[in-house]
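Structure first, then comments.
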Amino acid sequence: MASMTVRARDVAQEFGVRFGRVARVSRAPGRVNLIGEHTDYNDGFVMPAALDFATLVAAAPRDDRTIRVYSLFMDQTREFDLDAPAPSGRHVWSDYVFGVAAMLEADGRRLAGADLVVASDVPLGAGLSSSAALEVGVAHALLAASGLPFEPVAAAKVAQRAENEFVGMRCGVMDQYIAACGVAGAALLIDCRSLESRPVPIAPNLRLVIANSNVRHQHAGGEYNDRRNACEEGVRLLAPFLGPIAALRDVTPADLERWRGALPGLVARRCRHIVTENARVLEAERALKAGDFAACGAAMNASQASMRDDFQITCPEIDFLADFAQGIEGVYGSRMTGGGFGGCTVSLVEADAVDDVRKALVGAYRTAFGLGAEVFVCTPSDGAGFVDLGQEDAA
Ligand code: GLA
């Protein structure tokens with residue numbers, strides 16, 4: 001919390017000024033994914049950590065069935081009638097808020113109307129899941145304002161549905177899951193089929209270093225859904241040879257090698273990324289738990305190569321940042337994190353090498369691309385919950 005630039009106290013105060021009542025403040029974090037990219041919608045494995053950057057939502061119930069939300073960042077207020085829900089979003093920021101309200105209701109939770117103030121310090125468009133942080137923060141706040149329990153996994157699924165059906169982005173469940181269920185000091189190994197997870201502690205001598213390329217990703221556009229379609233086509237074409245498979249999760253690297261001739265070349269490459277990535281996630285978990293940081297780093301580097309060559313979701317700026325980091329003393333591994341086409345890299349770094357890594361990356365990136373890169377250390381935080389204003393004041 002210490003690194004937050006948006007303080008819950010300020011958001012609560014803004015709420016008091018606007019709505020003349022006292023609010024409780026919910027918080028939900030952004031995320032960095034250590035490894036396991038595009039595997040979530042293939043029923044596979046991912047290993048993200050929740051960031052200390054988060055979305056804050058101050059909320060109090062109303063007597064009617066209106067949701068009114070003010071965004072500090074946009075300086076705009078929007079309203080939504082729970083009894084006359086819009087069928088889909090309008091490609092504006094409030095879609096994430098109203099989509100969650102509509103899907104909570106569609107999922108059987110009777111909500112009270114509520115006033116909300118939202119603010120966030122999750123960098124936007126950087127592949128760090130600012131939208132999932134907003135969705136899950138709003139779910140936490142609306143449920144609390146309605147006197148309903150926040151069940152993290154169920155809330156993550158509702159938030160994902162809001163993004164799929166209301167916003168119109170066919171994302172998997174990873175971002176919403178980690179925003180709801182993150183564990184301080186650890187990454188989470190999430191099985192995106194069973195929706196079970198287990199913490200993978202980050203050893204005290206390790207740091208997760210994020211470098212923002214400041215190139216904006218565009219996976220809300222066609223590229224993300226294209227990749228998803230290729231994976232689904234792979235399953236369809238492999239099923240006659242492998243029997244009843246539901247997803248690429250059910251295909252091993254050996255299966256794919258054996259039957260890849262049945263797939264168009266590009267589909268085979270897309271599928272190879274997914275099936276090898278699933279294996280790499282499990283290897284990275286094993287290695288981190290065993291203290292074998294070099295092996296974890298090797299899996300991250302192999303993931304980067306697979307995203308670049310087989311899934312083709314990186315870009316020159318990202319490839320440069322990852323390659324350059326991989327060559328620095330004290331860096332175990334480095335790769336792009338998130339949906340792709342820009343955004344951030346994540347590197348697994350020895351704590352005492354962080355300052356050198358930061359300087360080297362910023363300097364080299366400026367020389368190569370004439371662009372600034374922000375480099376920061378992620379302290380894995382907890383998933384959604386209330387902010388204790390007293391504790392924040394003390395920090
Ligand atoms: C985006 C999506 C996630 C996941 C990643 C890629 O962040 O929201 O569901 O698919 O891309 O791993």
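Any value given below was found using the heavy atoms of this structure, including those in side chains, with hydrogens, waters and symmetry copies removed. Note that ligands are numbered from 1 as they come in the structure, with each ligand's atoms numbered from 1 the same way. Nothing here was measured: the structure is a model prediction, and the numbers come from that model.
- Taking only non-hydrogen atoms, the option from E277, H38, M336 nearest to atom 6 (C) of ligand 1 is H38.
- Using a 4.5 Å heavy-atom threshold, the side chains of F19 and V117 count as touching.
- Residues A60 and R21 approach most closely at CB-NH1, 3.7 Å, considering heavy atoms.
- Distances between N or O atoms of N33 and those of ligand 1 include no value under 3.5 Å.
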Extract all donor-acceptor atom pairs below 3.5 Å that involve side chains of residues 258-268 and protein atoms in other chains or at least two apart in sequence.
none

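- Interface of R31 with ligand 1, defined as ligand atoms under 4.0 Å from a residue heavy atom, comprises 7 (O).
- By the 6.0 Å contact criterion, CZ on R286 is enclosed, its count of non-hydrogen atoms from other residues, nucleotides or ligands being greater than 12.
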Yes or no on side-chain contact (heavy atoms from CB on, under 4.5 Å) for L371 and Y365, after CA distance, side-chain angles and deciding distance?
-> CA-CA 6 Å; L371 286 172; Y365 191 57; 3.5 Å; yes
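- Note on ring orientation: taking the six-membered ring where Trp is involved, the planes of H38 and Y224 are tilted (angle from 30° to 60°).
- Close contacts of ligand 1 with C171, meaning ligand atoms under 4.0 Å from a residue heavy atom, involve 2 (C), 8 (O), 9 (O).
- Residue-to-ligand polar distances keep S129 apart from ligand 1: every N/O pair is separated by 3.5 Å or more.
- Counting heavy atoms only, M174 comes closest to atom 5 (C) of ligand 1 of the residues R228, M307, M174.
- Near D40, meaning under 4.0 Å from any of its heavy atoms, are these atoms of ligand 1: 3 (C), 4 (C), 9 (O), 10 (O).
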Contacts under 3.5 angstrom, residues 85-94 side chains, donor-acceptor by atom type, not counting sequence neighbours:
unit_1, atom_1, unit_2, atom_2, d
W93, NE1, Q76, OE1, 2.7

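- Looking at ligand 1, you'll find an N or O of E37 within less than 3.5 Å of one of its N or O atoms.
- When each atom of ligand 1 is checked for a heavy atom of G339 under 4.0 Å away, the hits are 6 (C), 11 (O).
- For ligand 1, the atoms closer than 4.0 angstrom to any heavy atom of G172 are 9 (O).
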